[in-house]
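A quick write-up on the structure given underneath.
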Amino acid sequence: MMDPLLKAALDAREHAYAPFSNFKVGAALEDLNGRIHTGCNVENASYGLTLCAERVAVFKAISEGVGVRKFRRIAVSADAPKLTPPCGACRQILWEFCGDIEVTLVNPRGETAVWKMKDLFPEPFDVEFL
Ligand code: THU
């Protein structure tokens, strides 16, 4: 049986609005209470306004009252020849709001890879610099 967080990331991907890139991404973020917050990429004809799946999941959770760094792990789903880790902008956001959480990449064939944020984003720009 598949981990519910990975299934949630794959299901969320179905809602992706990606008519410009045709690259659909899903995300599922688990908070410390075990609640799952999902996201998908949402594109726009003005391309730069596009939001990545990971950031949609983080901002949904924060907007619903989950505290900063009160997250356990995130799963990110995409369908590409190689499993695709979060983009640089999402790594910055994930670090600030989630810290050194576990990041699981998954594709529709059920292939997975697990990372820690610290390894994906080793020298973060952090709030302590402000
Ligand atoms: N995308 C994500 O949703 N997450 C990432 O970490 C990388 C890229 C989306 C943005 C855009 O809609 C599409 O994938 C192609 O870049």
Side-chain angles (χ1 to χ4, degrees):
M1 204 196 79
M2 181 176 263
D3 180 335
L5 193 73
L6 275 57
K7 183 174 183 331
L10 288 165
D11 288 348
R13 184 172 168 268
E14 300 297 321
H15 300 299
Y17 176 74
F20 306 105
S21 73
N22 282 316
F23 191 75
K24 296 183 172 195
V25 184
L29 178 63
E30 183 182 312
D31 67 28
L32 291 184
N33 291 320
R35 200 173 144 211
I36 293 176
H37 309 266
T38 60
C40 62
N41 54 329
V42 183
E43 299 187 344
N44 188 270
S46 178
Y47 298 167
L49 302 182
T50 291
L51 285 179
C52 291
E54 298 92 322
R55 275 179 282 165
V56 171
V58 169
F59 293 152
K60 274 176 66 186
I62 294 292
S63 73
E64 290 176 0
V66 183
V68 173
R69 305 253 165 136
K70 300 294 183 196
F71 298 97
R72 186 173 291 129
R73 57 195 185 119
I74 188 169
V76 182
S77 65
D79 190 4
K82 287 172 72 174
L83 290 162
T84 53
C87 77
C90 287
R91 293 181 201 202
Q92 175 69 34
I93 295 289
L94 284 167
W95 180 262
E96 183 158 334
F97 289 100
C98 306
D100 192 23
I101 58 168
E102 189 179 278
V103 180
T104 302
L105 313 177
V106 62
N107 66 23
R109 293 170 295 290
E111 295 165 331
T112 59
V114 183
W115 291 85
K116 288 300 291 291
M117 269 308 295
K118 195 78 193 158
D119 298 318
L120 288 175
F121 200 53
E123 294 292 337
F125 177 75
D126 222 330
V127 282
E128 72 210 25
F129 297 122
L130 300 178

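Computation of the quantities below employed the complete heavy-atom set of this structure, encompassing side-chain atoms and omitting hydrogens, waters and symmetry-equivalent molecules. From a predicted model like this one, the values you see are computed outputs, not experimental measurements. Atoms within a ligand are numbered from 1 in the order they appear, just like the ligands themselves.
Using a non-hydrogen distance threshold of 4.0 Å, Pro86 registers as a contact of ligand 1.
Scanning the protein heavy atoms around atom 9 (C) of ligand 1, the nearest turns out to be Asn41 ND2, 3.6 Å. With hydrogens left out, the protein atom closest to atom 3 (O) of ligand 1 is Ala53 N, 3.0 Å, a heavy atom. Nearest non-hydrogen protein atom to atom 15 (C) of ligand 1 is Ser21 OG, 3.7 Å. Looking only at heavy atoms of the protein, atom 7 (C) of ligand 1 is closest to Cys87 CB, 3.8 Å. Distance from atom 11 (C) of ligand 1 to its nearest protein heavy atom, with residue and atom name: Glu43 OE2, 3.3 Å. Ranking protein heavy atoms by distance to atom 1 (N) of ligand 1, first place goes to Cys52 SG, 3.6 Å.
Ring pair His37/Phe71 is perpendicular by interplanar angle, where above 60° counts as perpendicular and below 30° as parallel. Using a 30° and 60° split on the angle between ring planes, Phe125 and Phe129 fall in the parallel class, below 30°. Ring orientation note: the planes of Phe97 and Phe59 are nearly perpendicular, at an angle over 60° on the 30°/60° scale.
Annotation: Glu54 places an N or O atom under 3.5 Å from an N or O atom of ligand 1; distance criterion only.
Listed by number with element, the atoms of ligand 1 under 4.0 angstrom from any heavy atom of Thr50 are 10 (C), 11 (C), 12 (O).
Annotation: Glu128, atom CD; neighbour count of heavy atoms from other residues, nucleotides and ligands within 6.0 Å is above 12.
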